[in-house]
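None of the values given here were measured: they were computed from a predicted structure. So you know, we letter chains A, B, ... as the sequences are listed, proteins then strands, and number each from 1.
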Amino acid sequence: MLLEADVHAYLFLSFSLLAVGVYGLLSRRSVIRMLFAVEMIINAANLNLAIFSAQRNVDGEIFAFFTIGLAALEAAVGLAIVIVFYKRFGEVIPSKIRNLRW
Amino acid sequence: MEKLVWITYLTIGIFFLGSISAFLIGKFTERWNSFWVAVLTGLIGFILTCYIALNLGEHPIVHKFNWFTFGSFKIPLGIYVDSLSVVMALIATGIGFLDIVFSKGYMEDDESPHRYYFEKLFFIGSMVGLVFVSNLVGLYIFWEGVGLCSYLLIGYWYWKRSAAEAALKAFVMTRFGDVFMFAGIIVAWVLLGTINFQELNALALAGAFSVKLGLLISLLIFIGAVGKSAQFPLFPWLLDAMEGPTTVSALIHAATMVNAGVYLVARMFPFFDYSHALIVVGFVGALSAFIAATGALAHTEIKKILAFSTMEHLALMFVALGVGSAAAGIFHLMNHAIFKALLFLAAGAVIHMTHQKDAFKLGGLYKYMPQTALLFLVGILALAGVPPFNGFFSKDWIIGATYAYGNPVIFGLTFVAAVLCIAYGFRLWFVVFTGEPSEYSKHAREAYPIMLVPLYVLAVLTVVIPFFKEQIIHFLFGEVHEPFFLNLLVATLTVMFILFGIVFLIYYKRVISTVKFLAHPLGKGINEFLYNGWYVDAAIKWICRHVFYGSIAKAVEWVDIHVVDGAVNGTARLSLACWDRCRKIQTGDVIDYLTYFVAGVITLVLLILFV
Amino acid sequence: MGNVYFWIIYAVVIGSAIIALEATSLLWAAVSFVVLLSEIALVYFGLNMPVLGGVQLAIYAGGVTILVLFAIMMIGESYKKPEGKAVKAIVLSLLLLILGTFFSFLSAIDTLPFKTFSTEVLGTVFVEKYSFFTIVLGFIVSALLYMANAIITKKREAK
Amino acid sequence: MNINYLAATMVLALTGAFLPVINRLFRISGIQGALISSIGYVVSLFLVLISDKGKHVLEVFYTTDPVSILLGALILIASWMVMLVIYWITEKDKFVNELISALMISTAGALLLISANNFVSLAIAMELMTMPTYLMVLFAFDDKSFEAGVKYFFNGALAVGFMLFGISLLYGMTGSFEFSALVKNLFIDPLVALAAVFIFAGFGFKITAFPFHFWGPDVYDGTCPGVAALLTGISKSAAFIGLMRVVYEAIPVIAGHFTLILAIIAALTMTVGNLLALAQRRVSRILAYSSVAHAGYTLVAFAALSVPLSVTGIIYHSVAYVFMKTAAFLCFAVFLFVWGARTMDDYKGLGRREPLLAALFLIFLLSLAGVPPMAGFISKVFVFTAAVDAGMTWLALVGLLNSAFSVAYYIWIAKQMYLEEPTLEKPINDSPNKNWILLPLAVMAILLIVFGIWVNPVVDASAVYAAKVGF
């Protein structure tokens, strides 16, 4: 097998991807980068599913299909919202629009 | 027995049924039709209560069922009717019925009688339910119902700002007490395992739990009673509640709401006795009586004087309970209900005919309203405790019982308060009915017959009740020993006579002027001190504003400065209110929200790691 | 621990992820994002899951990236250096990583041998057990399409 | 899952999916649209009610027990009323049918969520419920709704990501997504705890528990109130039940160690919600923060998970909550539509202008405050009793204090409506058939009072459920 690694290494990979995604979501102020970050988080979960599925049974892999589909839908929805937001405010930085608060 | 159970349920139900049908009939047909429904309902309710009273044998009526069960958890409900509840129900339905009749005249200009009678019947029904239920949860439900109706009725003229605020105040203040009561119920339920009055009392008589626990429960429940019965320090709402219609005041003061607190303490008397809470009851009662009696001396509005006197008499009942003489307390409750209803309704007639609430702007009304004046005088005599009238018998008994109890503080305060009745009572009567007629008095005429009939009924009762004293006491409590001290009786009557003389000289003969006394700063100060009810209201407001509000604000401020903001801009805005800072977490920045989210997750993980 | 290929892939995945977030030019970021997704597909291939890898490539590297590129073309992005918040983000994400790794080493999770599932098994289980959820996904898609249509038309009319 | 229940969700979702098509073909008016979707709701409601009979399908993924039947029926009724009100207030909007379609599909997701007993079906049902609302939030198409949409989307995406990660970890530990398998195979383990936290974070987003609640008030305030009613009433209630199933059926082994944490979160959520609600001038924000506080009350019951009464607390609070919060937001929506009333100042004297509507609003507010005859009271009793039963008296006391606090702002709205002089002179949208809109609200008020007195259906359902999870 090409990728010979034990489960801890794989978990390290997915946790790293999760951490990078969280880092991106919290530090990037532009909506497109935030979308990238969201996709990374969901991919981290997907990686987990695939790895455990390879060790256990086929259910995880099938759930990963659905997750990919959901993530794609989420990306589409996100982009729709982002575009509407941009068209209205001329701005891709949501932190600047803070009318709803307190 | 089975029949009586159903009649009891019917008695509670008929008022709620009547209230709804009064509302609907008044709404969809002629408005005043609701009056006839109300009268019919009140009468049937009263007759049913009488039936229960007559058929009540040695054994109380008991019926139990579970509202619902869930495994071992169940909420029991049920009724328990003994002579005490039946007497309370008689007072509520009887005086309530007279009050409904009287309202026909008093509320003649009103535009929404269906709303009025709906709320009124609901009020009476809640009170009847309150005295018939067998456990604390049922009592709490009706207790809240009574509170809700008083809120609605005090704010009946809701377009008047003062009325609306008074209603809110009454609601909030009684609710404040209720929170403690609810806590008490929960504690009793969890730690003692029962909320049934009889079982609680039986546990207390058997000494099945520690005195400290009993004291805690009793005091928590007593705070609820204090709020409902307007005792120190939760009484200011009672004065403001005078903004409602006078008939409502009569109902609240004589028949229903304020009696609930006394009833609750009487119902749980063995429990309070076992847990040494009665001494607290006695002290609170004595202090309240003193505050109220002195306050009544300083006030000038008819209804507020009467309100203070209600508070005083309720306090006397609490004193009676506190010194261990439940019979005196309940007997006084009954007498007080009758003469206070008489006084309030008569005052209602005066106010309705003159459109003036300030006693000192009236005068010489005797000439225009002789029957009302005489009926009012009967009420005053009963209130003051002058011998042939019913107030004398119970009040003297309370003073005697207090004397026998032997605590000088309680006795002193109670004695002073009790004798002061005659002073403020006659002060009120002289000012309103004698002297030169004022502008307002000259338009007055005698009250309508429909208003006078209830007054006559009540006046006759004040004289008749003493003849049946023995039977009533026997019905209520069986054999009771009444302490009797001849010296004390003579002393009481003498002091009362002297006080009457002073009042007579000041307000009737007007040979002594109070103007000079009031002009002096000290006299003015004392007057204002008494007038404002010893500034308890102001103190409550101050405590709310400075202690609670201030301390919370400070606590949040501290957290904000040291935790949230660091030393960046903390110290500048100390005076901002608490939420004004707290809400700053909600920055409106989506990235901040995401940061909080992740930080929350990590905190939870760390908590798992270390906890 | 893994062999050298695993660590190479690890480096590429995390590196491209970081570049996708940090690159100054949005276009390079998008390219890097495609690289990241393709590397993950490579992991799937490496785990003997060709179908999953194919789907990943098709949907992500195909669909999503094209959507993103489309959005980039519509919006564009002038890159500004992020200010202030980065420290919090780094601390939080590092904490997350450290805790996760720490927990995974503490955990009693066991390494089982990797198995290979044939495509027939995959297809059979999918059709027999999970086919219902495609209907559900269909409903999501239809609702999203309706709402997107409403919003886009509204936008056009608002102009 | 019972075949009837499945049919109910499918009928609902299909009606939703075909409504815009019908509109495109025949150009239906608002009333016709309301009728068509009402038919969908009625059929679906009927199917839910008879779903204790009939054969079972998809048993691996969904279960039909009394809880899902009860909550399903109530969620359907609430959603139906939301639909009617939305048709009434947005009749002029060309895309109201699309909005209703998304609403019905989202409700179908809620129905699936409350019956899911498998993490696959749970995640997908949750997405079905949530995904349409991401775009529905934008429907008002004003600045606030765009801002709300962005906040909602990113928070939601983060929550979903964490939840999927948690689910994948659980799958890694046991090799199964089924609750019944998980409950047998799970053991106390750091990764399981981590997964539980992640899954809780995903639900915490949905039910607005304390550190995850920040999006809530902004979104409920920013979007149009009809959508807010869906978000805060229906989908939150469904999420309560979903979380309940996860906690009691899937991870009870680890959940027992979380009671203290849950209690702390509950206390914080209540306090934050109530404190911040006190500060608001806008009625929608007050309602939004009170919704946060109510999540705290429910979490009190979750914290007491060692006693069977907590099940009753959760279910009862969800039952009461789905009506009172939805209806409160709908009342707000009607006031907003007819009078343009947003802030407390606008509400002055509205009790005189709209006596019946204001009376209904008062009923819902009192129920939220926990005043006796309404269901809100009894649910609080259950919740706090459960806390005391589980030995967390302090938590019950915090809850009681909080609910005493919260009375202040509910009463404040009532005071504005009844005791002040009106500021708004004339309505901005005076519809001639105004009284029709009182009907759905009155239905909810009646149900609220009925469930406040007649407690047996809920208690029975929860007893069955408690027996099922082994108390």
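Among residue pairs with one or both ends in residues 36-45 of chain C, none qualify as side-chain hydrogen bond (donor to acceptor under 3.5 Å, both in side chains); sequence neighbours excluded. Applying the side-chain hydrogen bond (donor to acceptor under 3.5 Å, both in side chains) rule to pairs touching residues 11-22 of chain A yields A:Ser14-A:Asn48, A:Ser16-C:Tyr10, sequence neighbours excluded.
Residues A:Leu79 and C:Phe70 fail the side-chain proximity criterion, which asks for heavy atoms closer than 4.5 Å. When side chains are defined from C-beta on, C:Leu137 counts as touching A:Leu70, because their heavy atoms get closer than 4.5 Å. A:Phe15 places none of its side-chain heavy atoms less than 4.5 Å from the side chain of C:Leu99. Side-chain contact check for C:Ile152 versus A:Ile83: every heavy-atom pair is 4.5 Å or farther apart.
Ring geometry for A:Phe66 versus C:Phe133: interplanar angle over 60°, hence perpendicular rather than tilted (30 to 60°). Relative ring orientation between A:His8 and C:Phe105 is described as parallel, the plane-to-plane angle staying below 30° on a 0-90° scale split at 30° and 60°.
Listed here is the closest heavy atom pair of C:Leu47 and A:Ala54: CD2-CB, 4.3 Å. Taking each heavy atom of C:Tyr60 and A:Ala71 in turn, the nearest pair found is OH-CB, 2.9 Å. Taking every heavy atom of both residues into account, A:Ala50 and C:Met49 meet most closely at O-CE, 3.0 Å. For A:Ala19 against C:Ser93, the heavy-atom pair with the smallest separation is O-CB, 3.1 Å. The shortest non-hydrogen separation linking C:Leu21 to A:Met40 is CG-CE, 4.0 Å. Of all non-hydrogen atoms in A:Arg56 and C:Lys115, the two that sit nearest each other are O-NZ, 2.7 Å.
Contact count versus chain A (heavy atoms, under 4.5 Å) is highest, among C:Leu144, C:Leu122, C:Val55, for C:Leu122. Among the candidates A:Ile51, A:Val22, A:Asn57, A:Asn43, the residue making the largest number of heavy-atom pairs closer than 4.5 Å to chain C is A:Asn43. Ranked by heavy-atom pairs shorter than 4.5 Å toward chain A, the options C:Leu96, C:Leu52, C:Val136 are led by C:Leu52. Contact count against chain C (heavy-atom pairs under 4.5 Å) is highest for A:Ser53 among A:Ser53, A:Gly90, A:Ala80, A:Gly78. When each of C:Val121, C:Val68, C:Ile18 is checked for heavy-atom pairs under 4.5 Å with chain A, C:Val68 comes out on top. Each of C:Leu95, C:Leu94, C:Val51 has some count of heavy-atom pairs under 4.5 Å with chain A, and the biggest count is that of C:Val51. Per-residue counts of heavy-atom pairs under 4.5 Å with chain A were compared for C:Ile14, C:Thr134, C:Val64; the largest is that of C:Ile14. Residue with the most contacts toward chain C among A:Asn46, A:Leu25, A:Leu18: A:Asn46 (heavy-atom pairs, distance under 4.5 Å).
With a threshold of 4.5 angstrom between heavy atoms, A:Val77 approaches chain C through side-chain atoms but not through N, CA, C or O. Heavy-atom distances place both the backbone and the side chain of A:Ala64 under 4.5 Å from chain C. In this structure, the portion of C:Ile151 lying under 4.5 Å from any heavy atom of chain A is its side chain and not its backbone. With a 4.5 angstrom heavy-atom cutoff, C:Leu37 touches chain A only via side-chain atoms. With a 4.5 angstrom heavy-atom cutoff, A:Phe63 does not touch chain C via any of its atoms. If you measure heavy-atom distances from A:Arg88 to chain C, you find no contacts under 4.5 Å at all. Residue A:Leu11 touches chain C through its side chain alone, counting heavy-atom pairs closer than 4.5 Å. In this structure, chain A has no heavy atom under 4.5 Å from any part of C:Ala148. Heavy atoms of A:Ile81 lying under 4.5 Å from chain C are absent altogether. Only the side chain of C:Leu36 comes within contact range of chain A, with at least one heavy atom under 4.5 Å from a heavy atom of that chain. If you measure heavy-atom distances from A:Leu47 to chain C, the contacts under 4.5 Å come from both the backbone and the side chain. Proximity to chain C is absent for every atom of A:Leu49, based on heavy atoms less than 4.5 angstrom apart.
Separating the OH atom in A:Tyr23 from the CG atom in C:Leu92 is a distance of 12.0 Å, to the nearest 0.5 Å. To the nearest 0.5 Å, the span separating CG on A:Leu13 from CD1 on C:Ile40 amounts to 7.5 Å. Remark: A:Ile32 CD1 to C:Phe33 CZ distance equals 11.0 Å, nearest 0.5 Å.
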For C:Ile109 and A:Phe52, what are the C-alpha separation, side-chain angles and deciding distance, and is it a side-chain contact (heavy atoms from CB on, under 4.5 Å)?
CA-CA 11 Å; C:Ile109 189 166; A:Phe52 294 134; 3.7 Å; yes
- [ ] Kindly determine whether C:Leu97 and A:Phe12 satisfy side-chain contact (heavy atoms from CB on, under 4.5 Å), including the steps that lead there.
- [x] CA-CA 8 Å; C:Leu97 173 62; A:Phe12 183 59; 4.0 Å; yes
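Side-chain rings of A:Tyr10 and C:Phe6 approach one another, their centers coming within less than 6.0 Å.
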